[in-house]
There are 2 protein chains.
Amino acid sequence: MSLSHALLGLLAVEPASGYALTKSFEESLGRWAWHAGHTSIYPELNRLAERGLVEVTAEGARGSRTYAVTAAGREELRSWLLRPPQQSGKVRNEEVLRMFLLSALDPGDARVVLAHIAENTAAGAAELREVRAAHAGGSFTGPEGFGQLAAEFGLRQYQAVHEWALWAIEQLDADPA
Amino acid sequence: MSLSHALLGLLAVEPASGYALTKSFEESLGRWAWHAGHTSIYPELNRLAERGLVEVTAEGARGSRTYAVTAAGREELRSWLLRPPQQSGKVRNEEVLRMFLLSALDPGDARVVLAHIAENTAAGAAELREVRAAHAGGSFTGPEGFGQLAAEFGLRQYQAVHEWALWAIEQLDADPA
DNA sequence: GAGAGCATGTAAACTGTTACATGATTCA
DNA sequence: TGAATCATGTAACAGTTTACATGCTCTC
């Protein structure tokens, strides 16, 4: 299960509470890499703690618990990240699915959907350019690096999809069918 | 559930058997958009048939059944594709997750992983350039268009990730940390 | 003191994967 | 005729989501 590794990874960068981790998923990780809600995060943190891969390092207001990775957790994360890229990860992305199914629509409908995609990706890219500017200059590894990696990845992704959508519209316009 | 829409979409482009659909998932859809194995595809086809969204149009050798979308199925697919992009599709992609967690590694390890990513994406892009060449010239909608859309999307995706990996390596090399 | 947001949790329902299972057809 | 591949399916299990549930703390 990759949720455990996602959590180990976030905690390896920076200790956090389940609540904070949930926010991270909502804002960055979950948009690109792995979606998860608090109802899967909290039980998983408990399981990781039982396995000795994370530990509670502080308890704060409103019953909040700050978790950090243990040495064993860091080792598990490292070996997972360095493990040879195993065959065919299981991808699931509804947005991309919509794009792939566009050719099932008639050209008029397809054009509408593509225009939406082009618009949304342009907006997303603009947003991330600001995020990137805010993160610029920090060290590459550690919390700052995480933000930079994520922002740059997302930005390039948005740009690629944006250009793909424009290309597709062009094809449609040129297509005699 | 998006699996049903993935199946409707593929069948809207071209009628096919469960077996053929399974191949489509392995080769294109499943690599980028939505992963599914035959054990989820067959039951789902039966459920779609019960709901009247697809129907068996031919039975062939070895008990194979060719499915096609009905008018109701096409309408359901269309309304799903045109439906306003609802909040936060649920993304799950282990490859991308690995990329995001890179900053949890020390620079030496991160460099190794990034080099692998750069290599794999370059190979993937090269492969898709050939696929694209094979599909070139056909009509944009319909079966040919599907191949073109997918190949072009995948190619641009590979290129974007490849360039991102090179960028990240550059950052690492420049980073004093 | 009321409301927003912090912070965590459980349980049932749903979805998807793994392992198991079967038989037909083609090709060497 | 044996191996590979076509073609479909079930059942147990694992993982996720949805709905429900609770209480604390800060700010106005």
Side-chain angles (χ1 to χ4, degrees), chain A residues 1-8 10-11 15-27 29-31 33-51 54-68 80 86-94 97, chain B residues 1-8 10-11 15-27 29-31 33-51 54-67 86-94 97:
Chain A
M1 200 202 355
S2 293
L3 173 57
S4 54
H5 294 112
L7 291 170
L8 285 176
L10 287 175
L11 292 176
S17 67
Y19 189 85
L21 289 166
T22 302
K23 294 283 171 191
S24 290
F25 273 87
E26 271 168 27
E27 285 158 25
L29 246 204
R31 287 173 63 97
W34 205 267
H35 175 272
H38 82 276
T39 56
S40 48
I41 291 169
Y42 288 122
E44 186 61 30
L45 283 171
N46 287 327
R47 259 172 266 142
L48 288 171
E50 274 167 37
R51 291 166 60 198
V54 304
E55 62 188 352
V56 175
T57 55
E59 308 209 2
R62 290 171 252 193
S64 90
R65 268 159 294 161
T66 301
Y67 289 89
W80 180 75
Q86 75 281 50
Q87 77 301 344
S88 75
K90 276 132 200 199
V91 171
R92 211 171 298 165
N93 188 326
E94 201 173 305
L97 178 59
Chain B
M1 198 201 359
S2 292
L3 173 57
S4 54
H5 295 112
L7 290 171
L8 285 176
L10 288 175
L11 292 175
S17 67
Y19 189 84
L21 290 166
T22 302
K23 294 284 171 189
S24 290
F25 273 87
E26 272 168 26
E27 283 157 28
L29 247 204
R31 288 173 62 99
W34 204 269
H35 175 272
H38 81 277
T39 56
S40 49
I41 291 170
Y42 288 121
E44 185 61 30
L45 282 171
N46 287 327
R47 258 171 266 142
L48 288 171
E50 273 167 36
R51 291 166 60 198
V54 304
E55 62 189 352
V56 175
T57 55
E59 308 209 4
R62 290 171 253 193
S64 89
R65 267 159 294 161
T66 300
Y67 289 89
Q86 75 281 51
Q87 77 300 344
S88 73
K90 274 133 201 197
V91 171
R92 209 173 297 167
N93 188 327
E94 201 173 303
L97 177 60

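Quick note on labels: first sequence line is chain A, next is B, and so on, each numbered from 1.
- Nearest heavy-atom pair, A/Thr57 versus A/Ala68, reported as atom, atom and distance to 0.1 Å: CG2-CB, 3.6 Å.
- Look at CG on A/Leu21: it is 12 Å from C1' on C/dA7, rounded to the nearest Å.
- Residue B/Met1 contributes atom CE, which lies 16 Å from atom C1' of D/dG15 at whole-angstrom precision.
- Dashed line: the shortest gap from a side-chain N or O of A/Arg65 to OP1 or OP2 of C/dG9 is under 4.0 Å.
- In this entry the distance linking NZ of A/Lys90 with C1' of D/dT16 reads 15 Å, nearest Å.
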### Task
Check step by step if side-chain contact (heavy atoms from CB on, under 4.5 Å) holds for A/Leu10 and A/Tyr67.
CA-CA 10 Å; A/Leu10 287 175; A/Tyr67 289 89; over 6 Å; no
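- Remark: C1' of C/dT8 and CD1 of A/Ile41 are 12 Å apart, rounded to the nearest angstrom.
- Between the C1' atom of D/dG15 and the NE2 atom of B/His35 lies a distance of 15 Å, rounded to the nearest Å.
- Atom P of nucleotide C/dT15 and atom CG of B/Asn46 are separated by 16 Å, given to the nearest angstrom.
- A residue-by-residue look at A/Gly37 and B/Thr66 shows that B/Thr66 has its nearest nucleotide of DNA chain D further toward the 5' end.
- A salt bridge links A/Arg47 with A/Glu44: at least one charged nitrogen is closer than 4.0 Å to a carboxylate oxygen.
- Distance from the side chain of B/Tyr19 is smallest for D/dC6 among the nucleotides D/dT17, D/dC6, C/dT17.
- For B/Glu94 and D/dT16, the CD to C1' distance is 16 Å, given to the nearest whole Å.
- Between the C1' atom of D/dT17 and the CZ atom of A/Phe25 lies a distance of 15 Å, rounded to the nearest Å.
- If you check C/dT17, D/dA7, C/dT10 against the side chain of B/Tyr42, the one that comes closest is D/dA7.
- In terms of position along DNA chain D, the nucleotide closest to B/Ala61 lies nearer the 5' end than the nucleotide closest to the other residue of the pair B/Ala61 and A/Leu3.
- Between the base of D/dT10 and the side chain of B/Thr39 there is no donor-acceptor pair shorter than 3.5 Å.
- Taking NZ from B/Lys90 and CZ from A/Arg92, the interatomic distance works out to 11.5 Å, rounded to the nearest 0.5 Å.
- Of the listed nucleotides (D/dT18, C/dA7, D/dG9), D/dG9 has the atom at the smallest distance from the side chain of B/His38.
- Take the nearest nucleotide of DNA chain C for B/Ser2 and for B/Arg62: the residue whose nucleotide is more 5' is B/Ser2.
- Counting non-hydrogen atoms under 4.0 angstrom, B/Ser64 reaches the backbone sugars and phosphates but no base.
- In the set C/dT10, D/dT16, C/dG16, the nucleotide with an atom closest to the side chain of B/Arg92 is D/dT16.
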